[in-house]
Amino acid sequence: FPGLGAPGRGAPQEDTALRMILASILLCLVALPLLGAEEPVAAGTMTFFGTLRYGWQINLLLGCLAFVALFLIFHVLLSTREPLTLPAEFLRHVLDDIASRDLEAAQMRAEADPSLLARVLLPGLRLHAHPIERIHQTIEAAGRRTLGAMRQEVAYLANIGVLSPMLGLLGTVLGLMDTFIVLAAQQSEGSKAILMSAAIGKAIVTTVVGLIVAIPAMAAYYLLISRLGRIGDELEIAAEEVTQAMGEMRR
């Protein structure tokens, strides 16, 4: 998928997450004919993967959401490594270029660097002939746009954390409905017990799987939001250093 790892300049990061969601939906559609209806598991042979056959339709959707969540977590972690966000060497070279009054060299350096800091500073360096206030405002706007795109990716984790328990609850409600239908049916006690075990299994397992997906997704969401907040603070400090250096050069 394009955008895996460090996002390229100008490539919208949210498109990568949308591609992953669409790919997961396609995976669900392909896997649906390969799975059968849930069957009661014999006593003494109960396994975790065997219990997933109860409510497998809901569990398949939850598995796809878990796959998307894992991809987003690794994608954001790889995209927010220090060499790709705030490389100290790049900032030092830019400040040296500004101190030597070679703003064109600083601009070319930012154009060639793939880091997040370079994407934030580049619009301001292109306006080096304009007043410092406008340069500062341009860098701030670029920082908001760049961090906003990354926060949008992380927001998908929160969506998964909210949707997963709801899907699990849907499976629970469907399982309870099947239980009541079986109780109302006029069947033998043996067949009624088999059908009720499958219905109760669907009611219990889907909720458990939904929570298993939701809890790590929400935990990762808060951790990554905190990570992006720290990166935003460091970006603000770096931008202030650059604009202050340009102002001192002007004076």
Side-chain angles (χ1 to χ4, degrees), residues 1-21 68-98 103-161 217 220-247:
F1 296 93
L4 182 61
R9 188 185 305 280
Q13 296 183 7
E14 58 271 17
D15 289 350
T16 304
L18 292 176
R19 290 191 187 99
M20 291 303 301
I21 294 173
V68 174
L70 285 175
F71 170 82
L72 289 174
I73 292 170
F74 284 108
H75 176 64
V76 175
L77 287 176
L78 290 174
S79 301
T80 54
R81 291 174 297 167
E82 184 177 353
L84 299 176
T85 53
L86 298 157
E89 185 177 359
F90 166 74
L91 178 60
R92 184 173 63 253
H93 288 319
V94 169
L95 292 175
D96 291 341
D97 291 335
I98 295 174
L103 295 178
E104 293 183 358
Q107 178 181 339
M108 294 176 61
R109 193 183 302 277
E111 291 174 349
D113 195 281
S115 66
L116 182 66
L117 179 60
R119 296 200 301 272
V120 172
L121 296 180
L122 181 59
L125 293 174
R126 286 174 175 168
L127 300 176
H128 59 83
H130 291 75
I132 295 297
E133 291 77 10
R134 182 177 178 184
I135 295 174
H136 184 69
Q137 293 173 359
T138 302
I139 292 177
E140 282 187 346
R144 285 194 298 268
R145 288 194 302 268
T146 305
L147 287 177
M150 300 183 70
R151 287 194 178 97
Q152 179 62 41
E153 271 199 348
V154 177
Y156 286 119
L157 286 174
N159 296 335
I160 292 173
Y221 168 75
Y222 288 114
L223 289 175
L224 293 177
I225 282 294
S226 176
R227 184 186 181 98
L228 291 180
R230 177 181 57 81
I231 291 175
D233 294 339
E234 294 177 356
L235 278 176
E236 185 177 358
I237 294 173
E240 289 179 356
E241 290 182 5
V242 171
T243 53
Q244 183 178 359
M246 295 177 69

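Side chains are part of it too, since the values below use all heavy atoms of this structure and drop only hydrogens, waters and symmetry mates.
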Can you name the closest pair of heavy atoms from Leu125 and Ala110 and give their distance? CD1-CB, 3.9 Å
Testing the basics here: between Ile160 and Ala217, what is the closest heavy-atom pair and its distance to 0.1 Å? CG2-CB, 4.2 Å
Determine the minimum heavy-atom distance between His130 and Ile135, stating which atoms define it. O-CD1, 3.6 Å
side-chain contact (heavy atoms from CB on, under 4.5 Å) between Ile139 and Leu121, worked out: CA-CA 6 Å; Ile139 292 177; Leu121 296 180; 4.1 Å; yes
For the CD atom on Glu240, are there more than 12 heavy atoms of other groups (residues, nucleotides or ligands in this structure) within a distance under 6.0 Å? yes
Tell me, please, which residues at least two apart from Arg145 pass salt bridge (charged side-chain N to carboxylate O under 4.0 Å, His left out). none
Check step by step if side-chain contact (heavy atoms from CB on, under 4.5 Å) holds for Leu223 and Arg227. CA-CA 6 Å; Leu223 289 175; Arg227 184 186 181 98; over 6 Å; no
To check you understand the geometry: which heavy-atom pair defines the closest contact between Met150 and Thr80, and what is its length? CE-CG2, 3.2 Å
Do Thr146 and Arg119 pass the side chain to side chain donor-acceptor pair (under 3.5 Å) test, and can you show the C-alpha distance, the side-chain angles, and the key distance before you say yes or no? CA-CA 8 Å; Thr146 305; Arg119 296 200 301 272; 4.9 Å; no
Taking the side chain as everything from C-beta on, heavy atoms only, tell me whether Val242 gets closer than 4.5 Å to Leu91. yes
Do you know the tightest heavy-atom contact between Ala238 and Leu117? CB-CD1, 3.8 Å
If you count heavy atoms of other groups shown closer than 6.0 angstrom to CD of Glu104, is the number above 12? no
When you compare the side chain of Leu77 with that of Leu224, does any pair of heavy atoms fall below 4.5 Å? yes
One pair to check against side-chain contact (heavy atoms from CB on, under 4.5 Å): Asp97 and Leu103. What are the steps and the verdict? CA-CA 6 Å; Asp97 291 335; Leu103 295 178; over 6 Å; no
Please name the pair of heavy atoms, one in Leu147 and one in Gly232, separated by the smallest distance, quoted to 0.1 Å. CD1-CA, 3.5 Å
Hits for salt bridge (charged side-chain N to carboxylate O under 4.0 Å, His left out) against Arg134, two or more places apart or cross-chain, chain-then-number order -> none
Quick one: does any side-chain atom of Arg126 pair with a main-chain N or O of Pro123 as donor and acceptor, under 3.5 Å? no
